Colleague: 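Pasting a structure here, questions to come.
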Amino acid sequence: MAQYRILIDANDEKGLVYKVSTIFFEKELNILTNNEFVDKVNGKFFMRSVVEGDVKADELKELILKALPKGTNVKVLEPHKKNIVLMATKEMHALGDILVRHEEGELDANILGVISNYDELEPFVSKFNIPYFTVSHEGLDRAAHEEKILEKLAEFEDIDYIVLAKYMRILTPRFVEAYDSKIINIHHSFLPAFIGANPYKQAYDRGVKIIGATAHFVNNNLDEGPIISQEVIHVDHAYSWKDMQRSGRNVEKIVLSHALKLALEDRIFVYANKSVIF
């Protein structure tokens with residue numbers, strides 16, 4: 001039997017769950033999991049179901065679209081390993097956490113490669129038998145450097161997500177547009193918070209009591225894309241900024257890997273620069 005993840009977002013009205021459930025029943029589908037949410041402020045309905053049975057994906061999608069209001073979005077997805085590319089600069093913690101989880105079979109993904117503007121991390125990445133590509137930015141302006149990265153990315157087939165594992169260069173609108181809603185970033189703050197260089201030193205100077213991290217989709221507004229996952233930890237006056245940095249890096253890698261897992265499992269709806277996550 002086939003298994004499908006069904007993602008539905010529609011204008012809210014009475015009877016939507018009944019209509020979808022009736023289709024599942026009539027097609028003799030077994031519902032493995034089901035989640036719904038209604039955004040009453042914006043009048044939006046969201047539903048994620050996992051079903052199994054003897055039906056074609058296109059047929060199921062067509063039946064749901066016919067039953068629900070005009071303008072409904074429906075995805076009927078077969079679970080499969082998604083293709084991801086990791087991008088990094090020099091920091092190892094976020095990248096390493098993903099590589100270890102992949103090695104242990106925790107991530108349902110194919111890592112096509114790691115791209116960096118430095119070669120420092122190549123010996124580490126090679127231990128996992130993952131291709132490593134250095135695309136240096138030396139002597140190039142931002143546009144020229146990005147063009148070289150885009151050329152490298154074009155060599156891969158069917159990239160589902162690009163993960164910025166502490167890739168410390170701002171992406172241009174052209175790059176973001178080329179991979180719209182496919183770029184996941186980790187930010188070293190519980191957004192919105194300290195921006196710019198050395199956020200942990202800024203946090204230390206302000207005497208903060210919590211630090212955190214935010215994983216989000218990248219858009220053209222710096223660090224303001226739809227948030228996927230966040231986490232915080234408590235700190236106190238005894239922490240130096242170096243202590244905060246070490247603790248913050250632990251949070252960063254956990255939050256990024258969690259966000260990636262949500263994406264790989266098709267659990268994220270994005271609308272109005274926000275996310276609904278099941």
Side-chain angles (χ1 to χ4, degrees), residues 1-11 16-38 44-86 98-99 101-113 129-131 153-163 178-184 215-218 226 228-229 256-271 275-278:
M1 291 188 295
Q3 185 179 119
Y4 300 109
R5 296 169 181 165
I6 301 170
L7 309 181
I8 301 170
D9 71 87
N11 293 324
L16 295 180
V17 175
Y18 170 78
K19 291 176 181 178
V20 177
S21 299
T22 298
I23 293 171
F24 294 163
F25 176 78
E26 291 176 347
K27 301 305 294 185
E28 299 183 344
L29 301 178
N30 184 30
I31 301 174
L32 302 180
T33 64
N34 193 72
N35 301 92
E36 309 114 30
F37 170 71
V38 175
K44 293 287 291 182
F45 168 83
F46 301 89
M47 181 172 175
R48 179 186 185 272
S49 302
V50 180
V51 302
E52 64 179 10
D54 186 15
V55 67
K56 299 294 185 184
D58 291 344
E59 177 189 0
L60 186 55
K61 179 177 180 179
E62 187 64 25
L63 288 171
I64 296 172
L65 284 171
K66 285 182 178 179
L68 299 190
K70 185 178 180 180
T72 295
N73 296 307
V74 177
K75 295 180 180 179
V76 179
L77 308 170
E78 292 189 63
H80 66 283
K81 284 185 177 291
K82 292 181 171 59
N83 295 327
I84 65 173
V85 174
L86 309 177
I98 292 174
L99 294 178
R101 290 175 188 270
H102 178 264
E103 182 73 14
E104 294 182 344
E106 290 186 23
L107 292 180
D108 195 21
N110 302 309
I111 299 179
L112 304 181
N129 296 315
I130 300 294
L153 289 170
E155 296 177 9
F156 303 114
E157 293 186 6
D158 302 323
I159 296 174
D160 291 291
Y161 292 104
I162 296 172
V163 182
Y179 293 93
D180 183 39
S181 300
K182 291 186 175 184
I183 307 172
I184 299 174
H216 63 94
F217 285 114
V218 174
I228 304 170
S229 181
L256 181 59
S257 288
H258 180 238
L260 177 57
K261 188 173 188 293
L262 292 171
L264 296 175
E265 295 178 357
D266 301 308
R267 295 181 177 275
I268 307 170
F269 292 83
V270 173
Y271 80 107
S275 64
V276 171
I277 296 176
F278 291 126

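Everything quoted here is computed from the prediction, not taken from an experiment.
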Colleague: State, with a plain yes or no, whether a side-chain heavy atom of Lys27 is found less than 4.5 Å away from one of Leu63.
Modeller: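 The answer is yes, as the side chains (C-beta and beyond) meet within the 4.5 Å cut-off.
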Colleague: For residues Lys44 and Tyr271, report the shortest heavy-atom separation together with the two atoms involved.
Modeller: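 Distance-wise, the nearest heavy atoms are CG-CE1, 4.4 Å.
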Colleague: Is Asp266 salt-bridged to Lys82, going by a charged N under 4.0 Å from an acidic O?
Modeller: yes
Colleague: Other residues, nucleotides and ligands only: do more than 12 of their heavy atoms fall within 6.0 Å of NZ on Lys81?
Modeller: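 Count over threshold, so yes.
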Colleague: If I take atom NZ from residue Lys75 and atom CZ from residue Arg5, how far apart are they, to the nearest 0.5 angstrom?
Modeller: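 Going from NZ on Lys75 over to CZ on Arg5, the span is 12.5 Å.
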Colleague: Ignoring hydrogens, what is the shortest heavy-atom contact between Thr72 and Pro69? Give both atom names and the distance.
Modeller: OG1-O, 2.6 Å
Colleague: Parallel, tilted or perpendicular for Phe46 and Phe269, by the 30°/60° rule?
Modeller: perpendicular
Colleague: Could you check Val85 against Phe156 for side-chain contact (heavy atoms from CB on, under 4.5 Å), going step by step and ending with a plain yes or no?
Modeller: CA-CA 9 Å; Val85 174; Phe156 303 114; 3.9 Å; yes
Colleague: For side-chain contact (heavy atoms from CB on, under 4.5 Å), just list the numbers for Glu26 and Thr22, CA-CA rounded to whole Å, side-chain angles, deciding distance to a tenth of an Å, and then say yes or no.
Modeller: CA-CA 6 Å; Glu26 291 176 347; Thr22 298; 3.5 Å; yes
Colleague: Can you name the nearest heavy-atom pair linking Gly53 to Leu29, along with the distance?
Modeller: CA-CD2, 3.6 Å
Colleague: Say you draw a straight line from CD1 of Ile98 to CD1 of Ile111; how long is it, rounded to the nearest 0.5 Å?
Modeller: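 Rounded to the nearest 0.5 Å, the CD1-CD1 separation comes out at 7.0 Å.
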Colleague: Assess whether side-chain contact (heavy atoms from CB on, under 4.5 Å) is satisfied between Ile84 and Leu264, documenting all intermediate values.
Modeller: CA-CA 9 Å; Ile84 65 173; Leu264 296 175; 4.1 Å; yes
Colleague: Is any side-chain heavy atom of Ile6 less than 4.5 Å from a side-chain heavy atom of Phe24?
Modeller: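 In short, these two side chains touch, coming nearer than 4.5 Å.
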Colleague: Taking the side chain as C-beta and beyond, is there a heavy-atom pair between Glu265 and Asp108 under 4.5 Å?
Modeller: no
Colleague: How long is the straight-line distance from CZ of Arg48 back to OG1 of Thr33, given to the nearest 0.5 Å?
Modeller: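 Rounded to the nearest 0.5 Å, the OG1-CZ separation comes to 5.5 Å.
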Colleague: Heavy atoms only: give me the nearest Leu112-Pro131 pair and the separation to one decimal.
Modeller: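 For Leu112 versus Pro131, the nearest heavy atoms are O-CG, 3.6 Å.
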Colleague: Can you tell me how far apart CG (Asn35) and OG (Ser49) are? Round to the nearest 0.5 Å.
Modeller: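 Rounded to the nearest 0.5 Å, the CG-OG separation comes out at 7.5 Å.
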Colleague: Could you tell me if the side chain of Val55 sits less than 4.5 Å from the side chain of Glu28, heavy atoms only?
Modeller: no
Colleague: Do the non-hydrogen side-chain atoms of Tyr161 and Ile183 ever get within less than 4.5 Å of each other?
Modeller: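 No, every pair of side-chain atoms sits at 4.5 Å or beyond.
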Colleague: Does Ile277 reach the side chain of Ser229, with side-chain heavy atoms less than 4.5 Å apart?
Modeller: no
Colleague: Identify the two heavy atoms, one from Gln3 and one from Pro79, that lie closest to each other, and give their separation to 0.1 Å.
Modeller: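 Smallest heavy-atom distance, with atoms named: O-CD, 3.2 Å.
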Colleague: Test side-chain contact (heavy atoms from CB on, under 4.5 Å) on Lys182 and Ile162; report intermediate values, then the result.
Modeller: CA-CA 6 Å; Lys182 291 186 175 184; Ile162 296 172; 5.7 Å; no
Colleague: Taking the side chain as every heavy atom from C-beta outward, state whether Asp58 and Glu62 have any pair of such atoms under 4.5 Å apart.
Modeller: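 The answer is no, as the side chains (C-beta and beyond) never meet within the 4.5 Å cut-off.
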Colleague: For the atom pair CG (Leu260) and CG (Leu107), what is the distance rounded to the nearest 0.5 Å?
Modeller: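 That separation rounds to 5.5 Å.
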Colleague: Hey, what do you get for CG (Asn110) to CD1 (Ile159), rounding to the nearest 0.5 Å?
Modeller: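 Reported value, rounded in 0.5 Å steps: 12.0 Å.
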Colleague: Check whether any side-chain heavy atom of Val276 sits under 4.5 Å from a side-chain heavy atom of Asp9, and report yes or no.
Modeller: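 A side-chain contact is absent here, since even the closest heavy-atom pair is not under 4.5 Å.
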Colleague: Which heavy-atom pair separates Asn83 from Asp158 by the least distance, and what is that distance?
Modeller: ND2-O, 3.1 Å
